[in-house]
Amino acid sequence: PSPREPLRRVLGAYSLRNASVGYCQSLNFVAAGLLLHLPEDAAFWVLCAMCERLVPDYFSVDMSGLCADRDVVLALLAHRAPKVRAAIDAAG
């Protein structure tokens, strides 16, 4: 069996559990990281807890939680490290 099969199963199961999110970009990195340290069933349940309880809007269709946190980090950088913020803005 392919070493990718557990990842496919975890992501497939999550997309069935949470149809409003389905598969969202970057879930594969989170699930793969979990699978490095946990059995497949535990990785699935931790992924569920992360996506549904800890950071519920990070993996939503509009990724509003992630966008809000990005805005906070950029505002903090503008205040505490303006050169870093300027470099980020210049990079696009």
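Along the sequence shown, residues carry numbers from 1. Predicted model only: the values in this text are computed from it and were never measured.
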Considering only heavy atoms from C-beta outward, does the side chain of Leu66 approach that of Phe59 to under 4.5 Å?
no

A side-chain contact here means heavy atoms from C-beta on lying under 4.5 Å apart; do Leu27 and Ser15 qualify?
no

Could you give me the CA-CA distance, side-chain angles and deciding distance for Asn28 and Ser26, then say whether side-chain hydrogen bond (donor to acceptor under 3.5 Å, both in side chains) is met?
CA-CA 5 Å; Asn28 60 327; Ser26 78; 5.8 Å; no

Which pairs of donor and acceptor atoms, one on a side chain in residues 36-50, lie under 3.5 Å apart (sequence neighbours left out)?
residue: Glu40; atom: OE1; partner: Arg9; partner atom: NE; Å: 3.4
residue: Glu40; atom: OE1; partner: Arg9; partner atom: NH2; Å: 2.9
residue: Glu40; atom: OE2; partner: Arg9; partner atom: NE; Å: 2.7

Apply side-chain contact (heavy atoms from CB on, under 4.5 Å) to residues Val61 and Val21 and explain how you reach the verdict.
CA-CA 6 Å; Val61 174; Val21 171; over 6 Å; no

Do any N or O atoms from the side chain of Arg85 and from the backbone of Leu77 form a donor-acceptor pair under 3.5 angstrom?
no

Count the heavy atoms belonging to other residues, nucleotides or ligands that lie under 6.0 Å from CZ of Arg4, then report whether that count exceeds 12.
no

Smallest separation among heavy atoms of [X] and [Y], with atom names:
X     : Y     : value
Asp62 : Cys67 : O-SG, 4.1 Å
Ala78 : Pro82 : O-CB, 3.7 Å
Pro3  : Pro6  : O-CD, 3.3 Å

Nearest-0.5 Å distance, CG of residue Asn18 to SG of residue Cys24
10.0 Å

Please check if [X] and [Y] belong to a single hydrophobic cluster, counting links between Ile, Leu, Val, Met, Phe, Trp and Tyr side chain heavy atoms closer than 4.5 Å.
X     : Y     : result
Leu54 : Met63 : yes
Tyr14 : Val55 : yes
Leu76 : Val84 : no

